[in-house]
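Have a look at the structure below, then the notes.
Heavy atoms only: backbone and side chains are in, while hydrogens, waters and symmetry mates are out. Per chain, numbering begins at 1; letters A, B, ... match sequence-line order.
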Amino acid sequence: MSSPIVHAHHAPTGFIRRYIFSLDHKVIGIQYYFLALFSVFLGMALSVLMRFHLVYPDAKVGFFETLWKTGAPGGIMTPELYLSLMTMHGTIMVFFVLTTAPQSGFGNYFLPIQIGAEDMAFPVLNMLSFWTTFLALIVMVAAFFVPGGAPLAGWTAYPPLSAVGALSGPGEGLGQTLWIISIAIFSGASLMGAINFIATTIDLRAKGLSMMRLPLTCWSWFVTAILGLLGFAVLLAAGVLLLLDRLAGTSFFLPAGLLVNDQILNHKGGSPLLWQHLFWFFGHPEVYIAILPGMGVASQLLSTFSRKPIFGYRAMVYAILGIGFLGFFVWGHHMFMSGMNPYSAFAFSVLTMSIGVPSAIKTFNWIGTLWGGRIRFTTAMLFALGFVSLFVTGGISGIFLGQPALDLYFHDTYFVVGHFHMIMGVAAIFGMFAGTFYWFPKVTARYMNETLGKIHFYLTFIGVYAIFTPMHFLGIAGNPRRYADFTNFDFMGKLMPVHTFMTYAAITTALAQFIFLFNLIWSAKKGKPAPMNPWEATTLEWTIPSPPPFDNFAGHHPVVNHGPYEYSVPGAPRDYTMQSDPA
Amino acid sequence: MAGTITTDVIGGRGTPPPPAQNFGGGDGDSGGRGAHRRASITGLLVLLAASVMFFAAFTSAFFVRRGMSDDWLSTPMPRILWLNTGVLLASSIAIELARRSLHSGQRTAFNRYWTGATILGALFLGGQYAAWRELHSAGFYLATNPSSSFFFLLTCVHAVHLVGGITALGYIDVQAFLLRLGPGKRTAVDVSAYFWHFLDAIWIFLMALFFFWG
């Protein structure tokens, strides 16, 4: 922090340039955060409706008819409406929440500050990236309001269902087309974001901040950006092919002699499996796009609140790289049931298992970090611990699904639903909660309320286990996923009480999220004032005022002399050494 | 007179921007022009990586679809494609001549070569359009056959990239004619040139793809 003042940049004064079409990475980060916050409540509302329908399929709710005239005639939800809720729930959550908030939200705000830069490398591109994402969300939500409603094909949009048009069901007309267009726009936005994240991390680091001194948050954003770059390019290509099959009469994914609703289609020679390969080549790295930033946040917080250096920093970095690299070679484990050659399945299975190694390294190091630490149980820390718990739980069920012999049984059951919700859904969301509580004082100069935070944490932590643990048992019992109604199956009779339990758990957990929403808004206005470095943490964002000035370091160029996690260093004057402290 | 403008506006040999090979940041230059030049080149390389993945996805779909069923009928390659290839190669050479002129401070030569490259790029697009028309009149459309589907798709996607490239070249051209091509724009010149060569390479790859497997 000793270098001379170069020149301080000042924020533009007009409201529109400052808050709407802003080039400031901090404003853009907040914009992404609120886009994800809106999306997560929308996605959650859809899931509550689905849970309600599963338990009370014949319930007449006038409100449903008001919302969906054809989807819920007489207030009774049709199976097609259920499928469209499921599709939109998955799509909104995966793309507009899990891909958006951890990377584009937190990453945009804190990557430049943590590396000592004034802004991202390409601020205009950054702004375009946000507004393109916003446009994608508008197009996606618009699918609810077009004739036929939202699509039915799930977030994976498998053809033929997704490729043959309105013939295959309501929502498969314009709704599915809008879905594909939205995802294509989103892919473009993600590519722009990835370019910015990679160039910023490589080229804009402060003096002394070598790659091996980067906070693990920055490492995880960096690797996530690489995954996004390579993955979304392929998804975009796949989307173009699917759109051509739908609109231009090509046959990339549609085979010959396809009979849909008593009508033979005029396509020939294509293969639905081609879509699955392209989709999952993106889709599996996407899982890591969702979870890696959470791992970065968890590492940061576990170290800070244990007052100990992260255990095995280098191993953590290599584990992130290992997970990112291996993530591109395992897409086939989503397709064990597709009739693939057993030798291929074996190869995909071995590679899948091998991801357990870097994952176990991370978990071991998190526990090693906690071991013997003087742990401060703040709400942020509780969520980071919750993240580790959910990551382990969700990861272990992945070991089951990664074996072809077991997957043949578990495929398309609630076991899979339980698995991916644990690891990709709620673990990542716990990472976001942890990040929100941790960085809130930097953004607003106020603490979030700890009492409300802890109530919210315990309700949510118990709640998500209550929702998703039983799904594993249901899956083992043979409960298929993507069905709108189980009441007509004899073998499901004894399982229905479990579904009822999960529905009530889901409603309770959903309601608990309003505590968080209230806490977020209330604390921003009335929360306890926080000092510049409230958690006594070491990284660069804690060396600048809260909220940070427009150009972050007010014209200074910070100099880094220390690693990111120098806590309780023997002989040091206090139990933490800032990265920018003199050597 | 021209010499003075060259040194003032372009910077001539006197003040070349810092070289781009020094990747790695962490050098305390995160706000200066050097860092932004490096970031721009990194950004371009990253963009090219995404573009390569995009074309790789189509190419793997091409081979999977081709090997999967017996309905693949070769689409005849319009002859004009060879001419187009020559035009695009010529434009890449012109870009390099332009950059060389810029390095040796010959501003008028830079303008001439760069404008030539831009016009050749536009000619290539016109030639592609002629190739599509020729195929249409021979009865080959997007949905006629998987082979023609991929032909139209890949040439179209390449053309869309090219429109982006021509926009970049045109922007540099306008800046050059307005005498606004200062040292700060040198990065833009290099980045557009690299992107243009990349499009050239992709086109040669596509020609080989159509020639041997189309």
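- In plain terms, the two heavy atoms of A/Ala237 and B/Ala57 that are nearest each other are CB-CB, 3.6 Å.
- Two residues are said to be in side-chain contact when any heavy atoms from C-beta on lie closer than 4.5 Å; A/Leu241 and B/Phe58 meet this criterion.
- Only the side chain of A/Val240 comes within contact range of chain B, with at least one heavy atom under 4.5 Å from a heavy atom of that chain.
- Of the two parts of B/Leu153, only the side chain, counted from C-beta on, holds a non-hydrogen atom closer than 4.5 Å to a non-hydrogen atom of chain A.
- Closest heavy-atom contact between B/Thr42 and A/Ala199: CG2-CA, 4.0 Å.
- Both the backbone and the side chain of A/Ile195 come within contact range of chain B, judged by heavy atoms closer than 4.5 Å.
- For chain A, the nearby parts of B/Ser40 are the backbone and the side chain; heavy atoms of each come within less than 4.5 Å.
- No part of A/Leu214 comes within reach of chain B, as not one of its non-hydrogen atoms sits under 4.5 angstrom from that chain.
- Using a 4.5 Å cut-off between heavy atoms, A/Phe122 touches chain B through its side chain atoms alone.
- Counting heavy-atom pairs closer than 4.5 Å to chain B, the top-ranked of the candidates A/Ser251, A/Ala233, A/Ala256 is A/Ala233.
- For A/Phe253, no part lies near chain B; criterion is any non-hydrogen pair under 4.5 Å.
- If you measure heavy-atom distances from A/Leu236 to chain B, the contacts under 4.5 Å come from both the backbone and the side chain.
- Annotation for B/Tyr129: atom OH does not count as buried by contact number, only 12 or fewer foreign heavy atoms lying within 6.0 Å.
- Of the inter-residue distances, the one linking B/Asn145 atom CG with A/Lys268 atom NZ reads 7.5 Å to the nearest 0.5 angstrom.
- Here the side chains of B/Met53 and A/Phe282 are not in contact, with every heavy-atom distance at 4.5 Å or above.
- For the pair B/Ser149/A/Phe252, a side-chain contact is recorded, criterion being any heavy-atom separation below 4.5 Å from C-beta on.
- Although no hydrogens or angles enter the test, the distance criterion places a donor-acceptor pair under 3.5 Å between the side chain of B/Arg65 and the main chain of A/Gly269.
- Note that CG of B/Leu45 is 8.5 Å distant from CD1 of A/Ile202, once rounded to the nearest 0.5 Å.
- Between B/Ala39 and A/Asp203, the shortest heavy-atom contact is CA-OD2, 3.1 Å.
- From B/Phe152, atom CZ reaches atom OG1 of A/Thr250 across 12.5 Å, with rounding to the nearest 0.5 Å.
- Heavy atoms of other residues, nucleotides or ligands lying less than 6.0 angstrom from NZ of B/Lys185 number more than 12.
- With respect to chain B, the highest number of heavy-atom pairs below 4.5 Å among A/Ile226, A/Ile198, A/Leu230 belongs to A/Leu230.
- Residues B/Ala61 and A/Leu278 approach most closely at CB-CD1, 4.3 Å, considering heavy atoms.
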